[in-house]
Each structure stands twice: as structure tokens, then as C-alpha cells.
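The structure displayed is predicted, hence computed values, not measured ones. In what follows, chains are A, B, ... by sequence order, proteins preceding strands, each numbered from 1.
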2 protein chains.
Amino acid sequence: MKWSDLDHDSCPVARAMSVVGDRWTLLILREAFLGTRRFDGFQDRLGITRHLLAERLKKLETLGLMHRVPYQERPLRHEYRLTSAGRAFGPVMLMLVDWATGNLPSDLPPPIRVVSHANGREVDPVVVDRTTGAPLTYETMRLRRT
Amino acid sequence: MKWSDLDHDSCPVARAMSVVGDRWTLLILREAFLGTRRFDGFQDRLGITRHLLAERLKKLETLGLMHRVPYQERPLRHEYRLTSAGRAFGPVMLMLVDWATGNLPSDLPPPIRVVSHANGREVDPVVVDRTTGAPLTYETMRLRRT
DNA sequence: CATAGTAAGTTCTGTTTTAGAACTCATAAG
DNA sequence: CTTATGAGTTCTAAAACAGAACTTACTATG
């Protein structure tokens, strides 16, 4: 399998790898969810090289997760915002944070929290089936080849 | 930031990158969820080089997502199985599949499905808060630095 | 007018990772 | 004694990444 062809593989996991499967992209998305919008903002926060940051932002734009919006003219400057496809990644990020917090322990407290927009309280996420409301875990579901 | 130090970063997203952030690891996990257990099984299915497969399996073992179990002696052979931390990754994988299916479209039908263990029907996953049952999306939650 | 600063990149050079293929080791089977 | 099997390891070459300096188009200050 060629890595560059992953973005049009028929398997959704393989296509997802074109997003989370290279260095920095997921961390850039985290910053975007935290509110960062500008090139230098991402660079300062992450310590990524400018070269790679430019490349990753271009890729996120191509994949349709972020888009460039001009915020001034003379000189023309753009900022990067999440598209609806990018915002739809939120629940994935949330579950990833929840899993990593519980299963890849650290002695340091996490520097981020996920809170409810309604009441400001920390959330306790769980995946359920939309119609039945039953929890979906390894034990209650199966991944199958079709 | 050094990439090799990511596995003991305080941010859970950064730690998660030590799992999903390098090539092949997420695809190896997909195969594990589909039931593959042996070295050559992973190699045949994925087309990954044997060298990298050995390295990735070693890393998944170190991180505690998979463990080696002997399945015969003379000659001694091991297979790789998901640990409980590995199985706990199931909901993340599920949300990732769901997101990629809806937001990274493909003209080919997906070669995998996620079905309910109870009734065999395809599931429609959604993330909710465990206590309130309210759906958690970009609009109803906020990621915050602490 | 000259100099410095800002924001968003691009261009270098050198190191690290990954790809692809061949090879090893222990044992079993024909 | 030759071939097969399963699980790796060892090569070399190609691709990706890191770190730093440079560019472009302005604006602000002395």
C-alpha cells in the first residue's frame, strides 16, 4: 500500500489515517478546537517547524477540515478556521482524550479539559447507539469485513 | 518538541499521538479488532514491511494495548491480542469510522461495518454525557486549557 | 528617508523514519 | 536431505522531518 494513496482508500479507517496518521495534524486540530486561528499562533503553541505547519494546514484545507479566511487586506492575511467537517471531528477528539486519559496514564495533570457549554461542568462521554441508546463498547459491537 | 517524548506528555491528545500518530499503528489495531492475531496475518492483510510490523507490535505491547500470548511450543510461537486498554480503544475507533465515513467521502463502499453484537444490525453511534444523556458535539462542548 | 517590526510563508542542509527485499533461526514434514 | 512455516532481523535506498535562515509585503517609529 502506498501511503500517499490512503486518502482515497475504500476503508474509512485508512482514510482517517490521512488525517490523524501523520505528525502534528491531530495536535493542530487540538489547537484549532482550543481557538487558535493564525499561522504564528499554531507555530508558537506547538513548536512545529514553519515548513511542516504550512504543509499540514494546506493538507487540512485540501481534506476539507479547515479553510482559509482573510482577516485583513494590505497586506493580505488569512486565518484558519474549522469547517463543518472539521467541527464534526469534535466527538472523535473527545473520545480520544477520554481514552488516553484513562489508558495512557501520566503523572502530570492534563492541561486541557472538556466542559459542557451549557453548565461549564466537565463532561463524562460515552458512545451509545442513536436509536436504542445502548452503550457501544468492544463487548457490545463487532467490526466486520463486508 | 521531540517526537519520542510524546508518550509522556501531560496532554492526553499528545499521548494519543504516540498511538495513532505513526504509520500503520491504527491499521494494525483495525486488524486486531477484526480478529487478526498472528504476525503473518497482519503482514498479509496490511502489506506493511515485516520490519515495521515487528516494531509497531513491540510498541503496542510497551504501551499496553496488546500483549503476546504463546499459542504453541516447539517451536515457540506467540500471537498478539488486545489488552483491556486496547479493547477500550473500540469506541474511539467506532467514532473515527463514523466520522470518516461521513466526512471523507469515497466512491467505493466501505469494506468494513460496525454491527451490534446483540442484534447484528449496523450501529449509529453518538457521543452523549453519561450522567445527563445530552449529545456532545462541537456546539455543546468546549475544549479548555487549564 | 532609514530602520525595525509583523505576519505568513519558502528554502536551505542534515538527521530520522520508512520502504523493499533478502536473510536467519528453530522446527516439522515429505 | 530438501523444502516449508512462522516470526522475526538485517541490509540499502528513498521519503519525511527538524532546525534555522531567508523572503515578501506591508506598517510604525525616529
As an exercise, state the distance from CG of A:Leu26 to CZ of A:Phe33, rounded to the nearest 0.5 Å. 9.5 Å
Of the options C:dT11, C:dA8, C:dG9, whose atoms approach the side-chain atoms of A:Arg68 most closely? C:dG9
Member of B:Asp124, B:Thr101, B:Asp98, B:Val123 meeting the side chain to side chain contact (heavy atoms under 4.5 Å, CB included) criterion with B:Val114: B:Val123
Report yes if a donor N or O on one partner sits less than 3.5 Å from an acceptor N or O on the other, where the partners are the side chain of A:Arg77 and the base of C:dA8; otherwise report no. no
Can you tell me how far P of C:dA28 sits from CG of B:Leu76, to the nearest Å? 12 Å
A:Asp22/B:Arg23 ion pair, N-O < 4.0 Å: no
Under a 4.0 Å heavy-atom cut-off, which of residues 56-64 of chain B touch DNA chain D? B:Lys58
Which of residues 18-48 of chain A have a heavy atom under 4.0 Å from DNA chain D? A:Arg23, A:Trp24
Could you check which residues of residues 7-16 of chain B get a heavy atom under 4.0 Å from DNA chain C? Sort them by number, please. none
B:Pro75, nearest nucleotide to its side chain (from C:dA8, C:dA28, D:dA18): C:dA28
Hey, could you give me the CD/CH2 distance between B:Glu31 and B:Trp24, rounded to the nearest 0.5 Å? 10.5 Å
Once hydrogens and angles are ignored, does a donor-acceptor distance under 3.5 Å link the base of D:dA25 to the side chain of A:Arg74? no
Where the side chain of B:Glu55 is defined as all heavy atoms beyond and including C-beta, which of D:dC26, D:dG8, C:dT18 is the nearest nucleotide? C:dT18
Verify side chain to side chain contact (heavy atoms under 4.5 Å, CB included) between A:Leu29 and A:Val20, making sure each step is shown before the conclusion. CA-CA 9 Å; A:Leu29 284 177; A:Val20 297; 5.7 Å; no
Point-to-point distance, once rounded to the nearest 0.5 Å, from CG of A:Leu63 to CZ of A:Arg56: 11.0 Å
